[in-house]
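Below you'll find the structure, written out as structure tokens, and then a few comments.
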Amino acid sequence: MCIRDRFYTDDNGLLMMKRQINKREDFELSNTDIASANYYPVQSCIYIENKDQDLRMAVMNDRAQGGSSLNEGEIELMLNRRNFRDDKRGMGENLDERDSKTGQGVQVHTTHYVVFEKASDNYDSQRKQQMVTDTPLLD
């Protein structure tokens, strides 16, 4: 669906920033860990698109997360991770964050919205959903 190694994330909910895997505008990137070097802040939206087919897939979230598109046609968002033993992915310890008052594992409740639209639609569906998500109901 997408152009290889290219995706977009929002910049504080204002502008959409083009991101490219293993590429930086200001410096030459020498990288051995693709995931850690290619995750970006996602305040409210991440999308991939194919302008030749006039398709866009956007995922909007209700809170800031990390995101990427490491594989063509896929979007990844980093959610709260919990492991009871080291998963051998770099931390060197278990990830078992607990609430200091209850002792229970920390739970994060998120909402994601997936929008499929024409790439030529100028983000209409995405922006409408962001307004619904970010604006509280008024009495």
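Being a predicted model, the structure only gives us computed values, none of them experimental.
Using a 4.5 Å cut-off between side-chain heavy atoms of Ile, Leu, Val, Met, Phe, Trp and Tyr, with links allowed through other members, Leu70 and Val42 fall into the same hydrophobic cluster. Linking ILVMFWY residues whenever their side-chain heavy atoms come closer than 4.5 Å, directly or via other members, places Met78 and Val59 in the same cluster.
Using a 4.5 Å cut-off on side-chain heavy atoms (C-beta onward), Thr110 and Arg63 make contact. At least one side-chain heavy atom of Met57 sits under 4.5 Å from a side-chain heavy atom of Val114.
Of the inter-residue distances, the one linking Leu15 atom CG with Tyr8 atom OH reads 13.5 Å to the nearest 0.5 angstrom. Between Lys118 atom NZ and Glu49 atom CD the span is 14.5 Å, to the nearest 0.5 Å. Taking CD1 of Ile46 as the start and OG1 of Thr9 as the end, the distance is 6.5 Å to the nearest 0.5 Å.
For Asp52, the side chain to side chain contact (heavy atoms under 4.5 Å, CB included) partners two or more places apart in sequence, or in a different chain, are Asn50. Here Gln65 pairs with Asn61, His112 under the side chain to side chain donor-acceptor pair (under 3.5 Å) rule; sequence neighbours left out. With sequence neighbours excluded, the residues that form a side chain to side chain donor-acceptor pair (under 3.5 Å) with Asp54 are Ser120. Residues passing the side chain to side chain donor-acceptor pair (under 3.5 Å) test with Tyr113, sequence neighbours excluded: none. Arg98 is linked by a salt bridge (Lys or Arg N to Asp or Glu O under 4.0 Å) to Asp96, counting only residues two or more places apart in sequence or in another chain. Residues that satisfy the side chain to side chain contact (heavy atoms under 4.5 Å, CB included) test with Ser100, not counting sequence neighbours, are absent from this structure.
Considering all non-hydrogen atoms of both residues, Arg56 and Ala119 come closest at NH2-O, 2.7 Å. Of all heavy-atom pairs between Arg6 and Ile48, the closest is O-CG2, 4.3 Å. Closest of all the heavy-atom pairs between Asn71 and Glu76 is ND2-OE2, 4.5 Å.
Although no hydrogens or angles enter the test, the distance criterion places a donor-acceptor pair under 3.5 Å between the side chain of Asp10 and the main chain of Cys45.
With Phe7 as the aromatic partner, Arg19 does not meet the cation-pi criteria of under 6.0 angstrom to the ring centre and within 45 degrees of the ring axis.
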